[in-house]
Trainee: 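Starting off with a structure, shown below.
When reading the values below, keep in mind they use all heavy atoms of this one structure, side chains included, and skip hydrogens, waters and symmetry mates. We name chains A, B, ... by the order of the sequence lines, and we start the count at 1 in each one.
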Amino acid sequence: MELAGLEKISDFCWEIPPQGKMRVPVLIYGSEKIVQAMDQKVAEQASNVASLPGIVKASFVMPDAHWGYGFPIGGVAAYDPEEGGVISAGGVGFDISCGVRTLLTGLKEKDIQPIKNKLAELLFKEIPAGVGSHGKIVLDKAEIDKMLEGGAKWAIAKGYGQQKDLDRIEEQGCMPGADPQAVSHLAKERQAKEMGTLGSGNHYAEVQVVGKIFDEALAKIFSIHQGDIVVSIHCGSRGLGHQIGTDYLKEMVVCAQKLKIDLPERELACAPIASELGKRYLGAMRAGINCALANRQIITQLIRNVFSYFFPGIELPILYDVSHNTCKVEKHAVNGHLKELYVHRKGATRAFGPNNPEIPQDFREAGQPVLIGGSMGTHSYILVGTTQSEQLAFSSAVHGAGRAMSRSKALKEWKGKEIIRNLEQKGIIIKAVSERGVAEEAPLAYKDVSDVVEAAHNAGLAKLVARLDPLICIKG
DNA sequence: ATGTAC
């Protein structure tokens, strides 16, 4: 991106002032280096987002942003229903409620060293992964509806986990307002055999060691210490979320035409929040959120079973579970007034600061854990939400490294086998269904996640707490 | 991300 077209607000914030059909400015967060490396298309897309009806304050761009469908991935936009605001399927993304969950193990690296290979093999055997992967769980129509209403709460009632897990999950593990009736039969059909599966692309289950602590006091509150083993899951709502996105984008294109909403691009299809379609999408999207929460809950239990085999009696409590592809109704201060807004976070993690009532009691004074998954073979990070982030981007932060290279280009550049061998030499075990998938996810096909989180930290979007280094990575 | 294109 050309810095010349931007107004520098601070060392970590750049503005595109409103022009043309833009109703509000675009605010891009990141260092000069990061913003320069950002695709020009992100500026265009974020400007388009700023032109949609009812947008409040600004169209925000996180440091890890890259080109997406309509809305950039790494974008945050809030719309006001009282100002004719809209809700957009493209503003949430296809993988509804994709997110990261981190589990604590209480183990140290030396504890797993003797069984590392066996642990990797058993995790790979027990967690279904890959495109179209099916689990052992098959849901009938009635049970799918219950899952879509209950989320992780449903999964726990089915025996996948414990009641206390819910305290550490966004929305207490169950998104209210989900409407299974708003989800197509096709979407449900696709999901019937996909519960408890990882999927493909950048999704993974990873055994990690806490490699660095940035803030001792906060790390202690999160129960993480240097050398601790943790397990992180990065996945979403699988075929169901994708189908909801596909179904509603089509409907929203028709709706926007009918209502003569001036769309800069067809991909920005949306519906007024107050419209029948808007409400129906919200109900379906919330069902998608519950699907993702249930999915991560089931995978959690599969992981617990594997760890129990090696470490009888081990618990693996949840540190936290947070999504980075959602639209949530939240109250935010706008010009001194508290307003109920529809906050789209597409490839952006919710990052509530201290004292927010949505945060688990144990973390209330510290702030919400912000879980940032890296790309394969690279670091992941735990940050914490700040008070400042509320003002900066409706309490949002980055979500991960973000692609630097297209999948097709990555395929030409690398072979899966050599990537696996290179990482093995660094002590990282990759267990993957598809060698092609590994090549597409090559570490160098992504931006440097460390740069991205550092920028988020410096911009004040969230605060660095700990770095996680990969030991075993299970991939689709 | 995705029954990796309807």
Side-chain angles (χ1 to χ4, degrees), chain A residues 45 64-75 88-101 128-135 138-139 144 183-205 233-251 253 266-267 284-285 287-289 291-293 295-296 299 323-327 344-349 373-376 399-412 416 432-442 445-446 474-476:
Chain A
Q45 291 193 320
D64 54 341
H66 55 109
W67 173 86
Y69 185 95
F71 287 55
I73 296 164
S88 170
V92 172
F94 283 89
D95 192 5
I96 296 168
S97 198
C98 181
V100 180
R101 171 183 294 209
V131 177
S133 53
H134 291 174
V138 181
L139 303 184
I144 285 178
V183 179
S184 70
H185 289 299
L186 180 56
K188 292 177 188 176
E189 205 178 300
R190 283 181 68 171
Q191 194 59 32
K193 294 178 183 172
E194 289 192 339
M195 294 312 294
T197 67
L198 217 41
S200 64
N202 62 357
H203 291 171
Y204 58 77
I233 304 161
H234 176 206
C235 66
S237 52
R238 306 286 287 109
L240 182 123
H242 194 268
Q243 191 61 47
I244 292 172
T246 306
D247 292 340
Y248 278 91
L249 268 163
K250 276 186 211 156
E251 278 201 73
V253 169
R266 190 185 158 91
E267 291 185 359
M285 193 257 332
I289 291 179
C291 178
L293 293 177
N295 197 30
R296 289 197 286 274
I299 292 170
S323 300
H324 46 239
N325 281 356
T326 58
C327 175
H344 295 66
R345 294 189 182 89
K346 181 185 190 182
T349 311
S375 51
M376 186 181 62
H399 84 302
R403 286 203 84 89
M405 189 186 286
S406 71
R407 288 175 194 280
S408 52
K409 199 172 172 205
L411 279 177
K412 283 178 195 152
V433 172
S434 150
E435 274 180 27
R436 178 199 164 118
V438 170
E440 287 179 354
E441 296 301 311
Y446 280 82
I474 310 299
K475 287 197 71 73

Trainee: Using side-chain heavy atoms (C-beta onward) and a distance below 4.5 Å, is A:C235 in contact with A:R296?
Mentor: yes

Trainee: Could you tell me which residues satisfy salt bridge (Lys or Arg N to Asp or Glu O under 4.0 Å) with A:E435, sequence neighbours excluded, listed by chain and number?
Mentor: none

Trainee: More 5' along DNA chain B: A:G239 or A:T246, using each one's nearest nucleotide?
Mentor: A:G239

Trainee: Across the strands shown, which category fits A:L186 at heavy-atom distances under 4.0 angstrom: base, sugar-phosphate, nothing?
Mentor: base

Trainee: By the 4.0 Å heavy-atom rule, please label A:E189 as base, sugar-phosphate, or nothing.
Mentor: nothing

Trainee: Starting from P on B:dT2, measure out to NZ on A:K193 and report it in whole angstrom.
Mentor: 18 Å

Trainee: At under 4.0 Å between heavy atoms, what does A:G199 touch on the DNA or RNA strands: base, sugar-phosphate, or nothing?
Mentor: sugar-phosphate

Trainee: Would you mind reading off the distance between A:I73 atom CD1 and B:dT2 atom P, rounded to a whole angstrom?
Mentor: 13 Å

Trainee: Distance check needed: B:dA5 C1' versus A:F94 CZ, whole Å only.
Mentor: 13 Å

Trainee: Just to verify, what does A:R266 make a side chain to side chain donor-acceptor pair (under 3.5 Å) with, not counting sequence neighbours?
Mentor: none

Trainee: Taking all heavy atoms of A:R238 and all of A:G130, pick out the closest pair and write down the distance.
Mentor: NH2-O, 3.6 Å

Trainee: Is there a side-chain polar atom (N or O) of A:R407 under 4.0 Å from OP1 or OP2 of B:dT4?
Mentor: no

Trainee: To the nearest angstrom, how far is A:Q243 atom CD from B:dT2 atom P?
Mentor: 13 Å

Trainee: Heavy atoms only: give me the nearest A:L198-A:H234 pair and the separation to one decimal.
Mentor: CD1-O, 4.4 Å

Trainee: What is the distance, to the nearest angstrom, from the CD atom on A:E194 to the C1' atom on B:dT4?
Mentor: 13 Å

Trainee: A:K475 has an atom NZ; how far is it from atom P of B:dT4, in whole Å?
Mentor: 18 Å

Trainee: What's the CG-P distance between A:L249 and B:dA5, to the nearest Å?
Mentor: 17 Å

Trainee: Rounded to whole angstrom units, what separation is found between the CG atom of A:L240 and the P atom of B:dT2?
Mentor: 12 Å

Trainee: Look at the side-chain N and O atoms of A:S200 and state whether any lies under 4.0 Å from the OP1 or OP2 oxygen of B:dT4.
Mentor: no

